[in-house]
Trainee: 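Below is one structure. I have some questions about it.
Here the structure is a predicted model, which is why all the values come from computation and not from measurement. Numbering starts at 1 and runs along the sequence shown.
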Amino acid sequence: AAAEETAAANLRNSINTVGAAVILEEKTRKGAVGNKVFIVFLRSMGLHIFALFLLTAAVGYACMSSADVWLAAWTRERGLEKREHIDRLLVYVGLVLAFAVCIFCASRP
């Protein structure tokens with residue numbers, strides 16, 4: 001019993017020195033997430049990081065859409081020589097890789 005009281009006192013002291021609080025009961029809500037939660041999230045993330053995330057994600061998805069358009073145009077072309085097919089394949093692969101890099105970068109913390 002004395003050991004438990006000592007451990008509890010040590011815990012209280014360490015919490016007080018750190019400045020943290022113990023949550024005894026969590027409160028939950030049902031329904032949609034309020035705008036205040038998003039504002040707190042954006043502020044804690046930093047506006048410049050959020051803007052960089054949006055830019056990187058937008059460029060990535062633009063590359064993927066461009067790859068789809070490129071592939072559709074390429075498949076409609078007839079009478080291409082082997083070298084022309086290789087050139088078009090390299091453009092397609094480049095767009096897909098650019099998409100992958102952008103989405104990877106956007107998903108990093």
Trainee: Just wondering, do Arg88 and Glu77 contact through their side chains at under 4.5 Å, heavy atoms?
Mentor: yes
Trainee: Is it possible for you to say whether Met64 and Val101 belong to one hydrophobic cluster, with membership spreading through side-chain heavy-atom contacts below 4.5 Å?
Mentor: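 Looking at the clustering, Val101 is in a separate group from Met64.
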Trainee: Are Phe50 and Leu54 close enough that some pair of their side-chain heavy atoms sits under 4.5 Å apart?
Mentor: yes
Trainee: Begin with the C-alpha distance, continue with both residues' side-chain angles, and end with the deciding distance and a verdict on side chain to side chain contact (heavy atoms under 4.5 Å, CB included) for His85 and Leu89.
Mentor: CA-CA 6 Å; His85 280 294; Leu89 177 63; over 6 Å; no
Trainee: Quickly, which of Leu97, Leu95, Leu90, Val91 forms a side chain to side chain contact (heavy atoms under 4.5 Å, CB included) with Val93? Name it, please.
Mentor: Leu97
Trainee: Counting only N and O atoms by type, is there a donor-acceptor contact under 3.5 Å from the side chain of Arg78 to the main-chain atoms of Thr75?
Mentor: yes
Trainee: Roughly how far apart are Ser66 OG and Phe99 CZ, rounded to 0.5 Å?
Mentor: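 Answer rounded to 0.5 Å: 11.5 Å.
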Trainee: What distance separates Cys105 SG from Leu55 CG, expressed to the nearest 0.5 Å?
Mentor: 11.5 Å
Trainee: Val96, Val59: one ILVMFWY side-chain cluster at the under-4.5 Å cut-off?
Mentor: no
Trainee: What are the two closest heavy atoms between Ala98 and Cys63, and how far apart are they?
Mentor: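 Where Ala98 meets Cys63 most closely, the heavy atoms are CB-SG, 3.7 Å.
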Trainee: When you group the ILVMFWY residues by side-chain heavy-atom contacts below 4.5 Å and let the links chain together, are Leu52 and Ile103 in the same group?
Mentor: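 In one cluster: no.
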Trainee: Hydrophobic clustering (ILVMFWY, side-chain heavy atoms < 4.5 Å, transitive) - are Leu80 and Leu71 grouped together?
Mentor: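 Same cluster: Leu71 reaches Leu80 through Ile, Leu, Val, Met, Phe, Trp or Tyr contacts under 4.5 Å.
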